[in-house]
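All values derive from a computational prediction rather than experimental measurement. Order of the sequence lines fixes the chain letters, A, B, ..., with proteins taken first and strands second; residue numbering starts at 1 for each chain.
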There are 2 protein chains.
Amino acid sequence: MDNIDYKILGCLKKNARLTASSISEEINLSVSAVIERIRKMESSGVIKGYTIEVDQKKLGNEMVAIMEVRLKHPKYYDEFAQLIQTNDSIVACFYMTGDFDFILKIVTDSAAGLDEVYRFVKGYEGVSATETHFVLKTLKDEVSVIPEVKKQ
Amino acid sequence: MDNIDYKILGCLKKNARLTASSISEEINLSVSAVIERIRKMESSGVIKGYTIEVDQKKLGNEMVAIMEVRLKHPKYYDEFAQLIQTNDSIVACFYMTGDFDFILKIVTDSAAGLDEVYRFVKGYEGVSATETHFVLKTLKDEVSVIPEVKKQ
DNA sequence: TCTGAAAAGGAGGGAGT
DNA sequence: ACTCCCTCCTTTTCAGA
């Protein structure tokens, strides 16, 4: 991983469908070398995958909420972690220090949809408390952080 | 937007670099039609962009934290929203209901890096209180929610 | 809105430095 | 590890249904 790799990652972060040839122009490297470096970052796992960013509102998913969750006991952790994976409306989940144990990001199409997720989480026996916040506005929501390219 | 569009979005969510020809095989549609539908979703803004998912640990960004922020007064909102955009370590920021006004996700390479962001946020005059939580594990972190394809 | 064909352009492998 | 070249595959455009 050198500066050239970071430049490539920076290009792909902006647009993952960029052709290798346009990246090669931007960073002054041959097309084959660009492809070779991308393949290496893919196989080493630095690049985990490529995905789309969609406009959730245009897909009808306008309701976003943050839910904090506390478990009764750490023994429920593994089961809760698995449970989370089975609900598509729960798009993010972090296990963290503090009063609560988890923070969840929930995206649904309506208050009814949110209620469903709310019952889904509160219905699990290991949950002792939750606190839900409505997201009024998403100011930033980036996927990846690419280290800054150092000047040579 | 019909079921075919959702299927295409589903394919691209899994791998945004899929070729139109492989999508066309998967959903039984001609290559041209697939490309046409993708172009329409791009220009209508349903697809906002394509990006990579990277392994933050392999890039040295191992420290993830959640910071809750309260402002002294709503008048600081706009300025705070702008401030957030200027810091690359702040990767997400939601304005929400509840005791705090904002929740931030911070990704850095070290405790020192986190401290820098902490000072950056607390140093802003409009901030009245913060609470920081260390993320011990990321259980889920998806970018997009694609509505389920209904059976015909 | 779809298909299918033809033209243009990119991907990826191999030889050489 | 990079470059150049060559072949194959993909994209893109256009005519027609």
Side-chain angles (χ1 to χ4, degrees), chain A residues 1-61 143-144 146-152, chain B residues 1-61 143-144 146-152:
Chain A
M1 292 297 302
D2 56 14
N3 268 341
I4 299 175
D5 286 322
Y6 290 134
K7 281 187 194 170
I8 293 173
L9 288 181
C11 291
L12 290 174
K13 182 190 169 177
K14 277 188 231 152
N15 180 4
R17 292 203 66 136
L18 277 182
T19 59
S21 60
S22 63
I23 296 174
S24 81
E25 280 178 34
E26 203 161 323
I27 65 175
N28 299 313
L29 196 68
S30 73
V31 177
S32 306
V34 169
I35 292 173
E36 199 179 345
R37 280 170 175 269
I38 292 175
R39 292 287 164 269
K40 278 186 189 170
M41 288 192 281
E42 284 171 349
S43 56
S44 72
V46 169
I47 296 177
K48 288 196 289 184
Y50 304 93
T51 193
I52 45 172
E53 299 174 282
V54 300
D55 188 324
Q56 295 298 345
K57 285 186 191 169
K58 291 191 176 157
L59 287 182
N61 287 324
V143 189
S144 315
I146 311 299
E148 212 178 331
V149 177
K150 282 151 203 154
K151 286 157 198 160
Q152 289 149 337
Chain B
M1 293 296 303
D2 56 13
N3 268 343
I4 299 175
D5 287 321
Y6 290 134
K7 280 186 194 170
I8 293 173
L9 288 181
C11 291
L12 290 173
K13 182 190 170 178
K14 277 188 231 153
N15 179 6
R17 293 202 67 136
L18 277 182
T19 59
S21 60
S22 65
I23 295 174
S24 81
E25 280 178 34
E26 202 162 326
I27 66 175
N28 298 313
L29 197 67
S30 73
V31 177
S32 310
V34 170
I35 293 174
E36 200 178 347
R37 280 169 175 271
I38 292 175
R39 292 286 165 270
K40 279 187 186 166
M41 288 191 281
E42 283 171 350
S43 56
S44 71
V46 169
I47 295 177
K48 289 197 290 186
Y50 305 93
T51 193
I52 45 172
E53 299 174 283
V54 301
D55 187 323
Q56 294 299 345
K57 284 187 191 168
K58 291 190 176 158
L59 288 181
N61 287 324
V143 188
S144 315
I146 311 299
E148 213 179 329
V149 177
K150 283 151 205 154
K151 285 156 200 162
Q152 290 149 337

Would you kindly give the [atom1]-to-[atom2] distance between [X] and [N], to the nearest whole Å?
X	N	atom1	atom2	answer
Ile23(A)	dC2(D)	CD1	P	14 Å
Asp5(B)	dT1(C)	CG	P	9 Å
Ile38(B)	dT1(C)	CD1	P	15 Å
Arg39(A)	dG14(C)	CZ	P	15 Å
Ile4(A)	dT3(D)	CD1	P	9 Å

Checklist entry - Which value, rounded to the nearest 0.5 Å, describes the distance between Leu18(B) atom CG and Arg17(A) atom CZ? => result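 Leu18(B) CG to Arg17(A) CZ: 7.5 Å, rounded to 0.5 Å.
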
Checklist entry - Nearest to the side chain of Ser32(A) - dC2(D), dC4(D), dG4(C)? => result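 The answer is dC4(D).
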
Item to check | Residues Ser21(A), Thr19(A); criterion side-chain hydrogen bond (donor to acceptor under 3.5 Å, both in side chains); working and verdict | outcome: CA-CA 5 Å; Ser21(A) 60; Thr19(A) 59; 3.2 Å; yes

Next on the checklist: With a cut-off of less than 4.0 Å, is there a side-chain N or O of Arg37(B) near OP1 or OP2 of dC2(C)?
Outcome noted: yes

Item to check | Ion pair check, Asp55(A) and Lys48(B), cut-off under 4.0 Å | outcome: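 The answer is no: the pair does not qualify as a salt bridge.
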
Checklist entry - Are the charged groups of Arg39(B) and Glu36(B) less than 4.0 angstrom apart, N to O? => result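 Result for this pair is no, no salt bridge flagged.
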
Checklist outcome for this item: The answer to which of Ile35(B) and Ala33(A) contacts DNA chain D further toward the 5' end, by nearest nucleotide, is Ala33(A)

Next on the checklist: Regarding Ser30(B), tell me which of base, sugar-phosphate or nothing describes its non-hydrogen contacts under 4.0 Å with the strands shown.
Outcome noted: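 Contact class for Ser30(B): base.
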
